[in-house]
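Structure first, then comments.
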Amino acid sequence: MAWQALTPPGEDFSKWYNEVVYRADLADQSPVRGSIIVKPYGYELWENIKAGLDRRFKATGHQNAYFPLFIPESFLKREAEHVEGFSPELAVVTIGGGKVLEEPYIVRPTSETIIMDAFHNWIQSYRDLPLLLNQWANVVRWEMRTRPFLRTLEFLWQEGHTAHATFEEAEAETLQMLDVYADFAVNDGAIPVIKGRKSDQERFAGALHTYTIEAMMGDKRALQSGTSHNLGQNFAKAFDIQYLDRNNERQYCWTTSWGLSWRILGGVVMTHGDDKGLRLPPKLAPYQVVIVPIFKNDDEQGVVIETATRISRELASSGIRVHLDKREDLSPGFKYNYWELRGVPVRVEVGPKDIEKGSVVAARRDIPGRDGKQFLSQENLAAQLSALLDEIQTNMLRQATEFRDANLHDVKNYDELKQVVQQGGFARGWWAGSPDDEAHIKGETSATHRCFPFDQPDGTGACLFTGKPADKIAIFAKAY
RNA sequence: CGGGGUGUGGCGCAGCCUGGUAGCGCGCAGCGAUCGGGACGCUGAGGUCCACGGUUCGAGUCCGUGCACCCCGACCA
């Protein structure tokens with residue numbers, strides 16, 4: 001009994017999160033402050049996230065490209081708001097090859113500027129539009145305080161950058177990509193998200209509009225899980241991206257950018273995890289099924305391993321990501337806990353009794369204890385498990401949605417907002433406040449304006465803070 | 001950048017107050033036993049005690065300086 005139980009999430013969510021990330025082999029601490037090593041299991045999870053997104057990007061007409069890690073310092077300065085927003089957190093290279101550089105290079109915190117510089121060269125005609133690119137890359141932001149995956153000095157993400165002929169097209173693109181993010185989060189990540197628009201206070205440095213998907217974590221705090229920006233003509237003007245329209249007139253482009261990082265991986269952990277560790281949605285899980293063989297002696301071991309291997313091959317050939325845990329000297333109970341910590345959606349147990357009966361035991365991670373266990377026939381097992389995985393995916397989304405809805409409260413006034421924030425959860429109410437009002441609320445409650453949800457009620461109401469007439473509702477919550 | 005904490009085998013820690021050149025648990029290796037919810041036994045490998053300077057016959061321990069990392073806040077994907 002020397003193993004150490006996880007800190008229960010209800011006791012100290014932050015501590016629980018750190019323990020899960022490290023103990024479930026997602027990541028390791030690195031010698032570099034605020035930077036993590038992503039271990040194979042965590043990286044495979046990220047690869048599945050990438051695959052789900054990349055497929056959607058391609059389906060909406062985008063192509064991948066790759067731009068340099070280093071950006072000339074002067075590029076950042078071309079868009080005033082942009083440089084102001086990012087300069088506090090830049091890493092700057094001043095020496096290369098032992099020589100002081102004439103112009104320092106910025107290690108990209110985001111790539112708008114260097115990509116817009118290329119767009120300047122690439123776009124001449126309306127026939128060149130729209131230009132729809134995406135880049136998978138690492139970026140660096142020198143953050144004060146870091147947390148694995150949620151905020152690291154260096155992180156992996158994708159950043160889409162597009163240029164369009166009109167505001168309407170750029171706006172449509174911005175909203176389309178937000179839909180893509182939401183579709184991915186909901187259907188692959190089983191994370192219910194609220195789509196909305198950021199307040200001016202919270203929008204991206206240099207953007208006209210920033211749209212966001214906001215998710216509720218297991219501690220009822222909000223996680224901004226992906227953002228999509230309509231950059232208007234701000235960057236097009238700063239980088240002189242002009243095209244000749246059908247009437248042979250020069251026009252500035254309208255550009256967008258949209259990004260989603262490995263933070264979403266932290267979101268998966270914090271949305272679904274429980275006191276036994278990770279719970280991974282089947283669509284993202286590196287292993288969807290793990291097979292634990294059970295035997296008492298060499299005779300049993302022979303036949304059990306043989307059967308388990310056969311089943312494993314059958315499942316793999318049906319496209320199920322399966323792993324057979326053949327490790328010896330480890331008891332089944334140990335393996336159950338081991339794989340539960342790592343969030344594998346389904347555990348299949350194969351023992352002598354199962355072989356007698358032609359069955360297996362299937363235990364689902366989303367339903368704890370005996371309730372989640374059932375016997376399945378070895379006949380047609382792949383189809384049965386595929387159906388079970390679908391059911392788990394659906395159930396996890398349902399559980400997360402119920403939790404989110406149960407902690408999303410409508411508030412009429414500031415007192416109610418404070419109460420909601422204090423007990424944990426999202427506070428939703430009419431809002432007509434100023435940036436100063438937002439700052440005031442943040443100062444007093446540490447809750448921030450998360451978004452104006454797209455889903456708006458009819459009519460108008462009194463602002464929860466100022467009492468002034470408001471035509472929009474907003475959501476406030478403590479956020480990561 | 002403000003506040004707090006910690007640096008001792010791979011990990012978690014004790015030892016420091018009351019100086020006498022290292023110990024526990026886990027993990028790891030070998031053998032055996034066990035295996036339907038984290039069982040076990042025996043044997044073994046593994047440490048310039050964060051760095052530098054000082055006090056001392058002698059420093060993990062006392063003093064000074066520095067560095068690093070973690071946690072809590074303000075800033076952010």
Side-chain angles (χ1 to χ4, degrees), chain A residues 1-6 12 14-15 18-19 22-23 28-35 84-90 109-110 137-159 181 198 201-205 210 212-215 222-229 257-267 276-277 292-298 300-301 304 325 327-341 347-356 359-361 363 368-370 372-373 375 439 442-443 446 448 478-480:
Chain A
M1 290 298 265
W3 58 280
Q4 182 104 35
L6 279 173
D12 185 340
S14 191
K15 198 171 173 201
N18 280 322
E19 286 177 10
Y22 296 127
R23 288 172 60 173
D28 201 357
Q29 297 188 358
S30 84
V32 182
R33 179 188 79 86
S35 302
E84 193 188 331
F86 281 104
S87 23
E89 51 190 39
L90 295 179
T110 179
N138 58 338
V139 288
V140 170
R141 296 180 190 178
W142 217 264
E143 300 289 354
M144 292 298 164
R145 192 162 159 255
T146 60
R147 303 161 65 77
F149 292 112
L150 302 176
R151 192 178 304 105
T152 45
L153 285 202
E154 177 186 359
F155 59 94
L156 297 185
W157 75 341
Q158 59 70 217
E159 45 179 328
Y181 287 159
K198 284 290 183 191
Q201 190 88 334
E202 300 274 337
R203 66 170 215 284
F204 180 76
T210 287
T212 177
I213 52 172
E214 298 284 327
L223 185 76
Q224 178 176 308
S225 306
T227 45
S228 186
H229 317 290
S257 70
W258 26 278
L260 185 146
S261 79
W262 68 19
R263 164 180 271 196
I264 193 84
L265 196 159
K276 305 199 101 180
V292 177
I294 293 154
F295 46 82
K296 286 194 178 66
N297 51 49
D298 287 354
E300 286 184 2
Q301 176 171 6
V304 165
D325 187 352
R327 290 177 297 174
E328 297 178 15
D329 306 333
L330 291 177
S331 70
F334 181 92
K335 291 181 180 177
Y336 298 169
N337 287 283
Y338 180 93
W339 292 111
E340 280 164 359
L341 173 61
R347 177 182 73 243
V348 166
E349 304 167 16
V350 181
K353 292 178 203 162
D354 298 301
I355 289 172
E356 251 174 58
S359 64
V360 300
V361 172
R370 299 188 79 83
K373 280 194 174 192
F375 288 102
K442 185 176 182 179
S446 82
T448 50
K478 286 189 194 173
Y480 278 96

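Below, read A as the first sequence line, B as the second, and so on, with proteins coming before strands; counting in each chain starts at 1. What you see below is based on every heavy atom in this structure, not just the backbone, and it leaves out hydrogens, waters and symmetry mates. In this text, all values refer to a predicted model and were calculated from it rather than measured experimentally.
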Salt bridge (charged side-chain N to carboxylate O under 4.0 Å, His left out) involving A:Glu340 - partner list, sequence neighbours excluded: A:Lys276, A:Arg347
Scan A:Val292 against the nucleic acid and name what it touches under 4.0 Å (heavy atoms): base, sugar-phosphate only, or nothing. nothing
Separation between the C1' atoms of B:C28 and B:G73, rounded to whole Å: 40 Å
Atom pairs under 3.5 Å: protein N/O with N/O of nucleotides 75-77 of chain B:
unit_1: B:C75; atom_1: OP1; unit_2: A:Lys442; atom_2: NZ; d: 3.2
unit_1: B:C75; atom_1: OP2; unit_2: A:Lys442; atom_2: NZ; d: 2.9
unit_1: B:C76; atom_1: O2'; unit_2: A:Glu143; atom_2: OE2; d: 3.1
unit_1: B:C76; atom_1: O2; unit_2: A:Arg151; atom_2: NE; d: 2.6
unit_1: B:C76; atom_1: N3; unit_2: A:Arg151; atom_2: NE; d: 3.0
unit_1: B:C76; atom_1: N3; unit_2: A:Arg151; atom_2: NH2; d: 2.6
unit_1: B:C76; atom_1: N4; unit_2: A:Arg151; atom_2: NH2; d: 3.4
unit_1: B:A77; atom_1: O3'; unit_2: A:Gln224; atom_2: NE2; d: 2.6
unit_1: B:A77; atom_1: O3'; unit_2: A:Arg263; atom_2: NH1; d: 3.0
unit_1: B:A77; atom_1: O2'; unit_2: A:Arg263; atom_2: NE; d: 3.2
unit_1: B:A77; atom_1: O2'; unit_2: A:Arg263; atom_2: NH1; d: 3.0
unit_1: B:A77; atom_1: N6; unit_2: A:Thr152; atom_2: N; d: 3.4
unit_1: B:A77; atom_1: N6; unit_2: A:Thr152; atom_2: O; d: 2.7
unit_1: B:A77; atom_1: N1; unit_2: A:Thr152; atom_2: N; d: 3.4
unit_1: B:A77; atom_1: N3; unit_2: A:Ser261; atom_2: OG; d: 3.3

Euclidean distance, atom NZ of residue A:Lys335 to atom C1' of B:U34 [Å, nearest integer]: 13 Å
For A:Thr152, all residues meeting side chain to side chain contact (heavy atoms under 4.5 Å, CB included), sequence neighbours excluded: A:Ile36, A:Phe155, A:Trp262
From B:G36, B:G38, B:G37, pick the nucleotide closest to the side chain of A:Lys373? B:G37
Pairwise C1' distance, B:A51 and B:A68 [rounded to whole Å]: 10 Å
How far does the P atom of B:U61 sit from the matching atom of B:U8, given to the nearest Å? 14 Å
I need the CG-P distance between A:Asp28 and B:C11, as an integer number of Å. 9 Å
Heavy atoms only, 4.0 Å cut-off, all strands: where does A:Asn297 land among base, sugar-phosphate and nothing? nothing
Spacing between A:Asp298 atom CG and B:G32 atom C1', to the nearest angstrom: 13 Å
For A:Ser35, what residues pass the side chain to side chain contact (heavy atoms under 4.5 Å, CB included) criterion, not counting sequence neighbours? A:Ser30, A:Val32, A:Leu153
By side chain to side chain contact (heavy atoms under 4.5 Å, CB included) - contacts of A:Pro352 (at least two apart): A:Glu300, A:Val304
Between the base of B:G37 and the side chain of A:Arg370, is there a donor-acceptor distance below 3.5 Å? no
Check the distance between B:A39's P and A:Tyr338's OH and give it to me in whole angstrom. 15 Å
Residues forming a salt bridge (charged side-chain N to carboxylate O under 4.0 Å, His left out) with A:Lys478, sequence neighbours excluded: none
Who pairs with A:Ser87 by side chain to side chain donor-acceptor pair (under 3.5 Å), at least two apart in sequence or on another chain? none
Taking the P atom in each of B:U65 and B:C49, what is the distance between them to the nearest angstrom? 22 Å
Could you tell me whether A:Ile264 contacts a base, only the sugar-phosphate backbone, or nothing, with contacts defined as non-hydrogen atoms closer than 4.0 Å? nothing
Mind checking the C1' distance from B:C67 to B:A74? Whole angstroms is fine. 25 Å
According to a strict under-4.0 Å criterion, is A:Asn18 in side-chain N/O contact with OP1 or OP2 of B:C70? no
A:Phe375 CZ to B:G36 P: how many Å, rounded? 15 Å
A:Phe204 side, atom CZ; A:Thr227 side, atom OG1 - distance, nearest 0.5 Å: 8.0 Å
Does A:Lys442 have any salt bridge (charged side-chain N to carboxylate O under 4.0 Å, His left out) partners at least two apart in sequence or in another chain, and if so, which? none
Out of curiosity, A:Ile294 CD1 to A:Lys353 NZ, how far, rounded to the nearest 0.5 Å? 9.0 Å
In dot-bracket form, how is RNA chain B paired, counting a Watson-Crick or G-U wobble pair only if both its distances are under 3.5 Å and using | for bases paired to another strand? ((((((((.[[[[.)....(..]]]].(((((.......))))).....[[[[[..)....]]]]])))))))....
4.5 Å side-chain heavy-atom contact, A:Val140 and A:Pro109: no
Assign A:Gly351 to base, sugar-phosphate, or nothing according to its heavy-atom contacts below 4.0 angstrom with the strands shown. base
Categorize A:Lys353 for me: base, sugar-phosphate, or nothing, with a 4.0 angstrom heavy-atom threshold over every strand shown. base
For the residue pair A:Tyr480 and A:Gln224, confirm or rule out a side-chain donor-acceptor distance under 3.5 Å. no
What I want to find out is whether A:Lys335 reaches A:Glu349 closely enough, with some N-O distance under 4.0 Å, to be called a salt bridge. no
Between C1' on B:G38 and CG on A:Asn337, what's the gap in Å once rounded to a whole number? 5 Å
C1' atom, B:C62 versus B:U56: distance in rounded Å? 10 Å
Tabulate atom names and distances for all N/O pairs under 3.5 angstrom spanning the protein and nucleotides 67-69 of chain B.
unit_1: B:C69; atom_1: OP1; unit_2: A:Arg33; atom_2: N; d: 3.3

Could you measure between the two P atoms, the one in B:A59 and the one in B:C50, and give it in whole Å? 15 Å
Under 4.0 Å between a side-chain N/O of A:Ser331 and OP1 or OP2 of B:U34, yes or no? no
Determine whether a donor-acceptor pair (one donor, one acceptor, N or O, separation below 3.5 Å) exists between the side chain of A:Glu340 and the base of B:G37. yes
Side chain to side chain contact (heavy atoms under 4.5 Å, CB included) partners of A:Phe375, counting only residues at least two apart: A:Asp354, A:Lys357, A:Ser359, A:Val361
In whole angstrom, give the distance that lies between atom CD of A:Glu349 and atom P of B:G37. 8 Å
Rounded to whole Å, please give me the gap between CG in A:Asp325 and C1' in B:C35. 13 Å
With sequence neighbours excluded, tell me which residues meet salt bridge (charged side-chain N to carboxylate O under 4.0 Å, His left out) with A:Lys15. none
If we take the P atom in both B:C24 and B:U43, what is their distance in whole Å? 13 Å
